[in-house]
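Remember, predicted model here, so these are calculated numbers, not experimental data. All ligand and atom numbering here is 1-based and tracks the order in the structure.
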Amino acid sequence: MSSANKNLSVYSDKNLTDISEKRFALVVSEWNEEVTEKLYKGASQTLLKHGAKEENIIRKNVPGSYELSLGAQYMAQQEEIDAVICLGCVIQGETRHFEFICQAVAQGITQVALKYNKPVIFGVLTPDNQKQALDRAGGKHGNKGDEAAIAAIKMLGF
Ligand SMILES: Nc1c(NC[C@H](O)[C@H](O)[C@H](O)CO)[nH]c(=O)[nH]c1=O
Ligand SMILES: CC(=O)[C@@H](O)COP(=O)(O)O
């Protein structure tokens with residue numbers, strides 16, 4: 001089901017685990033910052049809405065989505081971090097570079113989650129163009145950042 005048929009910001013908030021004492025690392029790509037700042041806003045506001053403390057939301061920037069995996073590892077290895085949310089936007093260009101970044105970051109983030117046995121969430125948009133990105137960063141299809149935050153909360157309640 002595509003985001004066009006399932007709004008990224010629509011979710012059930014029933015039985016969400018208490019996150020008042022949980023610490024979240026939000027690793028944010030600087031590439032396409034017009035989009036990633038919106039993703040960060042969505043994720044951070046969703047965490048606060050569901051009880052996270054502002055001082056327990058730690059933000060770290062990386063140059064681009066390819067660096068999200070290493071940034072996630074730096075944070076996940078810290079015992080006091082309960083979950084990591086990676087936020088990025090990789091937009092298809094003229095070459096196959098898009099494919100390599102998307103594959104690398106998806107696999108890299110997964111490896112970090114499994115290595116450190118804690119939620120490391122893939123909050124990365126991979127659109128064909130800027131419009132698709134903005135539609136999923138607080139636009140008509142919701143906000144991928146909201147979805148990522150809820151995924152982190154649900155995995156903490158696993
Ligand atoms: N084209 C996009 C990039 N490219 C940069 C890479 O992510 C990486 O920083 C570089 O290859 C150096 O290792 N990054 C995005 O996040 N989004 C893009 O559209
Ligand atoms: C995903 C990218 O790195 C891409 O935006 C770069 O554009 P291009 O493939 O035209 O070099």
**Report entry** Sub-4.0 Å atoms of ligand 2 with respect to non-hydrogen atoms of Phe98
**Finding:** 1 (C)
**Report entry** Gln111 and Gln73: side chain donor to acceptor below 3.5 Å
**Finding:** no
Requested in this report: Please say whether His97 places an N or O atom under 3.5 Å from an N or O atom belonging to ligand 2.
Outcome: yes
Report summary line: Counting from 1 in the order shown, the ligand 2 atoms closer than 4.0 Å to a non-hydrogen atom of Ile101 are 1 (C), 3 (O)
Query raised in the report: For ligand 1, what is the set of protein residues having any non-hydrogen atom at a distance below 4.0 Å?
Result: Ser29, Trp31, Asn32, Gly64, Ser65, Tyr66, Glu67, Cys89, Val90, Ile91, His97, Ile101
Query - Residue that, paired with Ser44, satisfies side chain to side chain contact (heavy atoms under 4.5 Å, CB included) out of Leu26, Leu87, Leu39 - result: Leu26
Query raised in the report: Given the side-chain rings of Tyr66 and His97, with only the six-membered ring counted for Trp, is the space between their centroids under 6.0 Å?
Result: no
Query raised in the report: Between Thr36 (side chain) and Glu30 (backbone), is there a donor-acceptor pair under 3.5 Å?
Result: no
Query - Residue pair Lys22 / Asn56, side-chain heavy-atom distance below 4.5 Å - result: no
Report summary line: The atoms of ligand 2 lying under 4.0 Å from a heavy atom of Val90, numbered in the order shown, are 1 (C)
Requested in this report: Examine distances only and state if a side-chain atom of Lys53 and a backbone atom of Ser20 form a donor-acceptor pair shorter than 3.5 Å.
Outcome: yes
Query raised in the report: Nearest to atom 1 (C) of ligand 2, what protein heavy atom do you find, and at what distance?
Result: Ile91 O, 3.4 Å
**Report entry** Nearest non-hydrogen protein atom, atom 7 (O) of ligand 2
**Finding:** Gly93 CA, 3.7 Å
Query raised in the report: Looking at side-chain heavy atoms only, is the closest gap between Asn32 and Ile91 below 4.5 Å?
Result: yes
Report task. Spell out, as yes or no, whether a donor-acceptor pair under 3.5 Å connects the side chain of Gln103 to the backbone of Glu99. Result -> no
Report task. Considering non-hydrogen atoms only, spot the tightest contact between Trp31 and Gly64 and give its length. Result -> CD1-CA, 4.0 Å
Query raised in the report: Taking N or O atoms only and a 3.5 Å limit, does Glu94 qualify as a polar contact for ligand 2?
Result: yes
Query raised in the report: Which protein non-hydrogen atom lies closest to atom 11 (O) of ligand 2, naming both residue and atom, and how far is it?
Result: Thr95 OG1, 3.7 Å
Let me check something: any side-chain donor-acceptor pairs from residues 74-85 under 3.5 Å, sequence neighbours excluded? List them with distances.
residue: Gln78; atom: NE2; partner: Tyr74; partner atom: O; Å: 3.3
residue: Asp82; atom: OD2; partner: Arg23; partner atom: N; Å: 2.7

